Undergrad: 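Got a structure for you, written out below as structure tokens; questions coming shortly.
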Amino acid sequence: MTFRIADTFSDALARLATHEQKAVKTAAFDLQMNPATPGLSMHRVDRARDKGFWTARVNSDIRLVLHKQGGDTLLAWVGHHDDAYAWAETRRIDTHPRTGAAQIVEIRETVQEVVIQRYVEEAIRLPRLFGGEADEVLLSWGVPEDWLDVVRDATEDTVLDIASHLPAEAAEAILQAATGTRPAPVAVPVGTDPFAHPDAGRRFRVMENVDELRAALDAPWERWAVYLHPAQREFVERDFNGPARVIGSAGTGKTVVALHRAVRLAQDPNAHVLLTTFNARLAEALAGKLPLLASEQVCARIHVCALGDVIRDLHEQASGHSELVSEDKLTELLTKAIEETNAPLSVEFLRDEWSLIVDAWNVRDWDSYRDLPRLGRKVRLPAARREAAWAVFETLRRALTAQNLKTEAQLAHDLAESGGFTFSHAVVDEAQDISVPELLLLGRILGRADNGLFFAGDIGQRIFRAPFPWVATGVEIRGRSRSLKVNYRTSHQIRRYSDELLPETLVEPDGTEDNRLGVTSIFEGAAPEIRAFTSREDELDAVQAWITELFSQGFTQHRASMISCHGRSPQRQGKPERPSRIAYIADAMVCRKKENGLPFLAPSPARPCCHAESVEIQRIAVLRPDKEECTLRRE
């Protein structure tokens with residue numbers, strides 16, 4: 001007997017209260033151990049079109065929806081009694097006649113007539129998107145036979161509604177076609193098991209034992225974390241004769257592609273693959289997903305670590321320990337250098353000039369600095385002032401050497417010169433935040449190697465780094481850059497709202513573009529609720545009420561969070577830094593708990609925006625900065 005779990009079951013389970021989820025999991029374990037367990041009180045769903053649907057009793061109200069066929073059992077859905085029967089009565093499980101994939105199909109006749117009527121009305125008023133597509137084409141996209149006419153009548157106003165009723169691969173195909181990208185169906189050999197088809201792989205997972213079932217029920221997000229959609233496979237399997245990059249907005253699967261790319265490269269017994277990103281927390285998340293994709297032997301050939309940490313470790317192996325200069329110490333030495341040279345320039349300006357130009361690009365002599373295009377610097381620097389600045393930098397560099405101090409950029413430059421970077425391939429996730437010295441290092445060592453460098457990122461999510469032309473570092477990705485357009489993780493409503501915060505086309509300094517037109521989501525959800533407050537106290541009152549309501553629904557700190565648009569107010573004009581808004585929110589909420597005995601998510605769910613990257617959160621409150629903080633950010 002084969003025991004499977006469907007994505008529809010995981011989705012429905014996540015919508016239940018915590019105590020209900022626990023009961024469902026117990027029933028699911030019992031079912032896997034003994035499908036004939038008497039306490040489950042299984043009954044066939046008499047009014048279902050698909051006679052394979054059964055229900056099993058969890059408690060007086062909750063029912064499992066099962067599909068049984070030929071000794072195999074599928075956990076298909078779960079919910080309250082009436083909802084469970086209604087779901088089973090309006091679904092069937094089919095093998096698609098063209099693609100051969102097993103599908104959960106919503107029965108065409110059961111869709112509300114008012115919806116279908118609206119499709120017809122809209123079809124009369126607006127052009128049909130797929131009016132000229134033959135049946136064979138639509139079938140090749142995975143559209144069920146009884147949905148062909150409805151899909152063919154789709155317009156710009158109705159295509160998203162129609163897609164929400166279709167199997168995932170069909171929904172994605174028509175949304176891609178509607179946004180100008182011709183779908184490329186996945187060809188599989190005739191006679192392939194319908195449940196082994198790549199399109200079915202996103203919906204159904206085989207559970208070999210109770211441990212696998214427990215993991216699937218406890219961490220339903222994991223199926224999104226590592227599932228590689230067939231449309232993404234090209235970016236994983238293709239060989240590139242130089243650096244390559246995949247870009248796309250949040251939720252389009254860039255990290256999944258990076259993970260699978262690293263695993264694919266590590267299949268070579270001689271490979272030594274670096275899978276990296278810009279901070280340790282994200283690197284830990286990547287490391288946690290690798291065992292879901294590869295054997296222990298393959299994982300051993302992949303080193304997962306934040307890029308800055310890798311550079312420090314390799315530099316120490318190659319050259320011994322080096323003391324890193326602190327931010328305060330660097331400012332102190334720079335101030336002394338200005339005093340010694342009587343330079344008519346401010347500490348703030350020279351600090352940026354040093355970090356963004358001289359140190360970042362490893363400028364070692366006056367001639368190079370004099371002639372260097374000051375990439376990304378908006379303030380012009382006449383020749384006389386540039387000469388004065390260089391005198392400061394020479395003095396600063398001598399002071400660093402005398403005290404045996406190095407910057408992180410210097411570690412990267414030293415490592416590039418020593419050849420101590422020992423990896424055969426590097427896969428970089430969240431590459432929009434890679435620094436100039438890091439990219440110079442990677443470009444020098446692996447920039448000319450086949451499949452040597454692979455980047456995944458979204459320039460619209462850049463947080464920490466100023467933009468710069470990659471080609472200047474020796475990393476040429478033009479002609480080897482691809483965009484992902486289908487969003488698997490973010491609802492249409494949230495994606496559409498967030499997309500309005502960015503221009504339609506983002507242009508990098510080297511001329512490469514990320515065109516955000518044509519990006520579409522495969523599912524709908526609730527629209528974001530926007531609320532305005534006249535004071536911080538009113539804001540915190542609303543947040544406290546929100547948290548209290550989540551607690552009543554059984555939410556935990558892992559499923560809900562508060563995000564502040566920035567966590568620290570910048571320093572200006574020598575004034576001390578204002579307290580972090582995140583710290584303010586956290587402290588204020590903890591005080592409210594202590595004073596009023598109110599429930600609170602502990603530890604504090606407040607976090608800065610930059611720490612929300614790649615975190616799966618089911619309920620989120622985004623707190624905007626106040627007017628003064630916005631003014632500080634603009635300055």
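What you are looking at is a predicted structure, and each value in this text was computed from that prediction instead of being measured. Below, each value reflects all heavy atoms present in this structure, side chains not excepted, and no hydrogens, waters or symmetry copies.
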Undergrad: Can you list the residues that meet the salt bridge (charged side-chain N to carboxylate O under 4.0 Å, His left out) rule with D268, with sequence neighbours excluded?
TA: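 Result, salt bridge (charged side-chain N to carboxylate O under 4.0 Å, His left out) vs D268: none returned.
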Undergrad: Backbone N or O of G248 within a donor-acceptor pair of the K254 side chain at under 3.5 Å?
TA: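 Checking the backbone N and O of G248 against the side chain of K254, a donor-acceptor pair under 3.5 Å is found.
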Undergrad: What do the steps show when you test H197 against T99 for side chain to side chain contact (heavy atoms under 4.5 Å, CB included), and what is the final call?
TA: CA-CA 8 Å; H197 190 287; T99 68; 4.2 Å; yes
Undergrad: Apply salt bridge (charged side-chain N to carboxylate O under 4.0 Å, His left out) to D135 and R152, showing your working.
TA: CA-CA 9 Å; D135 285 357; R152 195 174 282 109; 2.4 Å; yes
Undergrad: H165 versus V150: any side-chain heavy-atom pair under 4.5 Å?
TA: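 No; the side chains remain at least 4.5 Å from each other.
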Undergrad: Is a side-chain donor-acceptor pair under 3.5 Å present for Q103 with H96?
TA: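 Note: H96 and Q103 side chains miss the donor-acceptor criterion.
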Undergrad: So I5 and L74, side chain to side chain contact (heavy atoms under 4.5 Å, CB included) or not? Walk me through it.
TA: CA-CA 6 Å; I5 182 172; L74 170 72; 5.7 Å; no
Undergrad: Could I get the full list of salt bridge (charged side-chain N to carboxylate O under 4.0 Å, His left out) partners for R98, not counting sequence neighbours?
TA: E136
Undergrad: Distance from K51 atom NZ to H67 atom NE2, nearest 0.5 Å?
TA: 11.5 Å
Undergrad: One pair to check against side chain to side chain contact (heavy atoms under 4.5 Å, CB included): L259 and T255. What are the steps and the verdict?
TA: CA-CA 6 Å; L259 282 163; T255 297; 4.2 Å; yes
Undergrad: Below 4.5 Å, heavy atoms only, C-beta onward: do D72 and R4 meet side chain to side chain?
TA: yes
Undergrad: Would a distance-only check, ignoring hydrogens and angles, find a side-chain to backbone donor-acceptor pair under 3.5 Å from H425 to N451?
TA: yes
Undergrad: Closest heavy-atom contact between A171 and L166?
TA: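 Here A171 and L166 meet closest at N-CB, 4.1 Å.
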Undergrad: Between S41 and R57, which heavy-atom pair has the shortest distance, and what is it?
TA: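 Where S41 meets R57 most closely, the heavy atoms are CB-CB, 4.1 Å.
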Undergrad: What is the distance from atom CZ of R91 to atom CD1 of I107, rounded to the nearest 0.5 Å?
TA: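 Output value for this atom pair is 8.5 Å.
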Undergrad: Could you tell me whether R261 and D429 make a salt bridge, using a distance below 4.0 angstrom between a side-chain N and a carboxylate O?
TA: no
Undergrad: Could you check if a side-chain atom of I104 sits within less than 4.5 angstrom of a side-chain atom of P167, using non-hydrogen atoms only?
TA: no
Undergrad: Where do F454 and I477 land on the side chain to side chain contact (heavy atoms under 4.5 Å, CB included) test, with the steps shown first?
TA: CA-CA 9 Å; F454 187 86; I477 51 99; over 6 Å; no
Undergrad: E20 side chain to I62 main-chain N or O, any donor-acceptor pair under 3.5 Å?
TA: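 It does not hold such a pair.
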Undergrad: Could you tell me which residues satisfy side chain to side chain contact (heavy atoms under 4.5 Å, CB included) with H81, sequence neighbours excluded, listed by chain and number?
TA: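 H81: side chain to side chain contact (heavy atoms under 4.5 Å, CB included) contacts with D61, R63, Y85.
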Undergrad: Output yes when R203 and D7 qualify as a salt bridge under the 4.0 Å nitrogen-oxygen rule, no when they do not.
TA: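 No, this pair does not count.
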Undergrad: T55 versus M42: any side-chain heavy-atom pair under 4.5 Å?
TA: no
Undergrad: Is the shortest heavy-atom distance from the side chain of R301 to the side chain of V298 under 4.5 Å?
TA: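 SC-SC contact between R301 and V298 confirmed.
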Undergrad: To the nearest 0.5 Å, what is the distance between CZ (R245) and CZ (R478)?
TA: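 Answer for the CZ-CZ pair, R245 versus R478, is 11.0 Å.
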Undergrad: I'd like to know if the side chain of H80 reaches the main chain of D82, judged simply by a donor and an acceptor atom lying under 3.5 Å from each other, with no hydrogens or angles considered.
TA: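 Checked: no pair found.
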Undergrad: Is the shortest heavy-atom distance from the side chain of R49 to the side chain of E89 under 4.5 Å?
TA: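 When only atoms from C-beta onward are counted, E89 and R49 do not touch, as no gap falls below 4.5 Å.
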Undergrad: Write down the atom of Q432, the atom of G457, and the distance for their closest heavy-atom approach.
TA: OE1-CA, 3.3 Å
Undergrad: Does CD in Q267 sit with more than 12 non-hydrogen atoms of other residues, nucleotides or ligands closer than 6.0 Å?
TA: yes
Undergrad: Measure the CD1-CZ distance between I93 and F195 for me, rounded to the nearest 0.5 Å.
TA: 6.0 Å
Undergrad: Could you check whether any side-chain heavy atom of T276 comes within less than 4.5 Å of a side-chain heavy atom of V304, counting everything from C-beta outward?
TA: no
Undergrad: Listed by chain and number, what are the side chain to side chain contact (heavy atoms under 4.5 Å, CB included) partners of A431, not counting sequence neighbours?
TA: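 Testing A431 for side chain to side chain contact (heavy atoms under 4.5 Å, CB included), a comparison that skips the adjacent residues, returns V428, F455, W470.
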Undergrad: From M207 CE over to L75 CG, what is the distance, rounded to the nearest 0.5 angstrom?
TA: 9.0 Å
Undergrad: Okay, side chain of K68, backbone of R44: is any donor-acceptor separation there less than 3.5 Å?
TA: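 Not a single qualifying donor-acceptor pair exists.
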Undergrad: Give me the atom names and distance for the closest heavy-atom approach of L66 to A56.
TA: CD1-CB, 4.1 Å
Undergrad: Taking N279's backbone N and O only, do any of them form a donor-acceptor pair with T277's side chain (distance below 3.5 Å, no angle check)?
TA: no
Undergrad: Who pairs with W87 by ring-ring contact (aromatic ring centres under 6.0 Å, His included), at least two apart in sequence or on another chain?
TA: F53, W77
Undergrad: Which atoms form the tightest heavy-atom contact between A294 and V263, and what is the distance?
TA: CB-CG1, 3.8 Å
Undergrad: Calculate, to the nearest 0.5 Å, the distance between atoms CD1 and CG belonging to I247 and L484 respectively.
TA: 8.5 Å
Undergrad: Should F130 and V137 count as side-chain neighbours, where that means a heavy-atom distance under 4.5 Å?
TA: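 No; the side chains remain at least 4.5 Å from each other.
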Undergrad: Which atoms form the tightest heavy-atom contact between L64 and A27, and what is the distance?
TA: CD1-CB, 4.1 Å
Undergrad: Check for a donor-acceptor pair, side chain of T8 on one end and backbone N or O of A76 on the other, with a separation under 3.5 Å.
TA: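 It does hold such a pair.
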Undergrad: Return the set of residues passing ring-ring contact (aromatic ring centres under 6.0 Å, His included) with H43 (not counting sequence neighbours), or none when no residue passes.
TA: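 Result, ring-ring contact (aromatic ring centres under 6.0 Å, His included) vs H43: none returned.
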Undergrad: Quick one: does any side-chain atom of T158 pair with a main-chain N or O of T155 as donor and acceptor, under 3.5 Å?
TA: yes
